[in-house]
Amino acid sequence: MKLFNKIIHFVILIIFLIIQVAFAEYLGMYSVSIDLIMVTVVCIALVDGMTIGMAMGFISGLVFDLMAGNIVGISSFLYTLNAFLAVKVMDLGIKKMGASLALIIFLVTEINIFIEGLLRYLFNFNVDVAQLGRDILIRPLFSIALVFLIFPIINLGQRRRWVLGFRNEEEN
Amino acid sequence: MVFLNKKFRNIVVFVVIIVLCIIVITVSFRNLDFVNNIKSNILDFFKPVQEKVFTAFSPVIGFFNGIRDYINLRGKYLKLQEENAALRQKYVDNINLQIENSSLRELLKLKERNDYKTIAGKVIGYNQSNWQSEVILNIGKNEGVEEGMGVINESGLLGVVKISGDKSCTVRLLNDPQSNIGCRILTSRILGILEGDSEGHLFLRHIPKDLNIFLGDIIMTSEYSEDIPGGIIIGRIKYVEERMGEAYQEIEVEPFVDFKNLEYVMVIREK
């Protein structure tokens, strides 16, 4: 059953990957793009564990870069790091509830933007400060909205369920 | 102990994956042929699914595009009215020039330029971020598409084929930060290089300060490119600035192609 869930999660990840590539242009506002793959990888890492999350992050990032990327390996690096960080934040002992999920995705998105900017700078791309500012402000909001749509799909059929409200009655 | 082991295992997996990523990035940077082969095979592998997904969601995209177009309608109408008036004037001038041109050709016995051949394709994927601006087409080597070929639509040049698989290809759009294309200003015949930036804007580079550049001048491809024929329109000059201490002018170009609304395109097969 566990293996079946993981396969299903991988299929979901591939579907979101195809949607990301097919509709990247339409997924976003104010020139800030939505990262469906990042949110899905974080959700999988939180549900299936760090190792599975990192492996799926690496594979999806690699496929994404091979399909539509400039430098192969950058997305793999970022998504692996996202899965690692998400579970590390969770391991700090926060409760499994909606607010925690929003906090995790907020932190991961901000770190992602920072590392992406740093890599862009290191690989000699122009770093646009205005765009970076827009990303820092708007992208986490998109990610938080998305995580509440994607997480319930990934969390379906799991024994240890998350409570997506802002109070976890089970643990109180 | 078990907890420690699990924690240790996670760290090992993390380090291994990061090392793998660094190896992949290094290999990718060397731009080896086999990386491009893998890329084209992956494109071909996902093409059927991607095409289906794109077609299935097309009505939704059309609906949102419709809303966007409706919001911008008034501004576009006023702009088109202005453009129409200018074009009417140019049309009259053009007829005079055509008569003059044909009589001069007659005099010089010059041959008319051969038209290029094209392959029609459909956009089945986008990848537009700070890093790049690309689209994926449903045509590839089987249809005769090769790397470096120019891609146009009814509004003008939109990009160059970057990687060509058997059944699909990726096109680097003009506004990609790594795009650079030789071009010419229509009226003054000045040559320059058109480059994209991370915000998706187009800039005409290497135009010295002492040359006069006028707003609204048309930019077209230069005839010196190996794969792209000259004279294909690209856009018009939107903004010119002379910066202190810099040898060249800062010239922004407004493309004729709407990069956010690409559907059917044509790849230029022969010059």
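In what follows, chains carry the letters A, B, and so on, assigned in the order in which the sequence lines appear, proteins first and then strands, with residues in each chain numbered from 1.
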Colleague: Using non-hydrogen atoms only, which part of Ile15(A) is less than 4.5 Å away from chain B: side chain, backbone, both, or neither?
Modeller: neither

Colleague: Counting only heavy atoms from other residues, nucleotides and ligands, does the tally under 6.0 Å from NZ of Lys209(B) exceed 12?
Modeller: yes

Colleague: Please classify the contact between Phe14(B) and chain A as side chain, backbone, both or neither, with a heavy-atom cut-off of under 4.5 Å.
Modeller: both

Colleague: For Phe45(B), does the CZ atom sit with more than 12 other heavy atoms under 6.0 Å from it, leaving out its own atoms?
Modeller: no

Colleague: Step through the shown structure and confirm whether more than 12 heavy atoms of other residues, nucleotides or ligands are within 6.0 Å of CZ on Phe10(A).
Modeller: no

Colleague: Can you measure from CE (Met50(A)) to CZ (Arg9(B)) and round to the nearest 0.5 angstrom?
Modeller: 10.0 Å

Colleague: What residues of residues 15-23 of chain B make heavy-atom contacts with chain A at a cutoff under 4.5 angstrom?
Modeller: Ile17(B), Ile18(B), Leu20(B), Cys21(B)

Colleague: Which residue out of Leu62(A), Ile74(A), Val87(A), Ile14(A) racks up the most heavy-atom pairs below 4.5 Å with chain B?
Modeller: Ile74(A)

Colleague: Calculate, to the nearest 0.5 Å, the distance between atoms OG and CE belonging to Ser168(B) and Met67(A) respectively.
Modeller: 8.5 Å

Colleague: In chain order, what residues pass the side-chain contact (heavy atoms from CB on, under 4.5 Å) check against Asn153(B), with sequence neighbours excluded?
Modeller: Ser155(B), Leu158(B), Val257(B), Leu262(B), Val265(B)

Colleague: Under the criterion side-chain contact (heavy atoms from CB on, under 4.5 Å), which of Asp65(A), Val72(A), Leu66(A) is the partner of Ser28(B)?
Modeller: Val72(A)

Colleague: Search all heavy atoms of Asn10(B) against all heavy atoms of Met54(A) and return the closest pair with its distance.
Modeller: O-CE, 3.4 Å

Colleague: For a quick test of reading the model, state the closest non-hydrogen atom pair linking Ile42(B) to Val63(A) and the distance between them.
Modeller: CG2-O, 4.4 Å

Colleague: Please look at Phe77(A) and chain B and tell me whether the side chain, the backbone, both or neither of the residue comes under 4.5 angstrom of a heavy atom of that chain.
Modeller: both

